[in-house]
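Working notes, beginning with the structure itself.
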Amino acid sequence: MAFDEELGRRIAGLLSSDGIDFTEKKMFGGLAFMINDKMCAGVIKNDMMVRVLDEKFADVLKLPNARQMDFTGRPMKGFVYVDHSGLKDSELRKWLAYGIEFGKYGVVKSKKKTG
């Protein structure tokens with residue numbers, strides 16, 4: 001198992017029970033959850049990945065069990081890993097709320113094409 005499938009089921013269950021329209025997509029060797037075609041949350045190994053609005057990013061990084069996502073060895077602004085130990089039921093819902101918020105209101109900045 002490349003990622004925590006049970007955590008993926010828990011996230012999908014919360015999104016479904018809240019009536020959120022989402023899709024699942026395999027990415028980063030794990031599972032991503034997309035809202036409005038924007039990656040908002042995911043599971044990579046045993047960690048949850050959450051996409052956070054830019055204006056909340058610095059504050060979210062200060063929360064327990066959070067660290068900046070550095071999947072490629074380079075920090076990724078707006079993306080947070082949440083340690084598995086911080087994902088009890090009520091905590092999972094709290095973290096997922098940040099991702100849902102990004103899915104609803106966040107803006108994805110695309111890289112400029114050169115040429």
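- Between E91 and V82, the closest side-chain pair of non-hydrogen atoms is not below 4.5 Å.
- Contact of the V80 side chain with the L61 side chain is registered, since non-hydrogen atoms from C-beta on lie closer than 4.5 Å.
- In terms of the side-chain hydrogen bond (donor to acceptor under 3.5 Å, both in side chains) criterion, D59 has no residue partners (sequence neighbours excluded).
- No donor-acceptor distance shorter than 3.5 angstrom exists from the side chain of N65 to the backbone of D83, with no hydrogens or angles considered.
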task: Check the pair F22, I100 against side chain to side chain contact (heavy atoms under 4.5 Å, CB included), reporting the backbone distance first and the verdict last.
output: CA-CA 10 Å; F22 72 97; I100 292 169; over 6 Å; no

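- For the pair Y105/N36, no side-chain contact is recorded, criterion being any heavy-atom separation below 4.5 Å from C-beta on.
- Distance check, rounded to the nearest 0.5 Å: CD1 of I35 to CZ of F102 gives 10.5 Å.
- Applying the side-chain hydrogen bond (donor to acceptor under 3.5 Å, both in side chains) test to pairs two or more places apart or on separate chains, those with a residue in residues 8-33 are E6-R9, R10-D89, D18-R93.
- Side-chain atoms of M69 and D47, non-hydrogen and from C-beta on, never get closer than 4.5 Å to each other.
- Of all heavy-atom pairs spanning D4 and V43, the tightest one is O-CG1, 3.6 Å.
- Within 6.0 Å of the NZ atom in K56, the count of heavy atoms belonging to other residues, nucleotides or ligands does not exceed 12.
- The minimum heavy-atom distance linking F3 with G30 is given by the pair CD2-CA, 3.6 Å.
- Looking at L63 and Y98, their side chains come closer than 4.5 Å, going by heavy atoms from C-beta outward.
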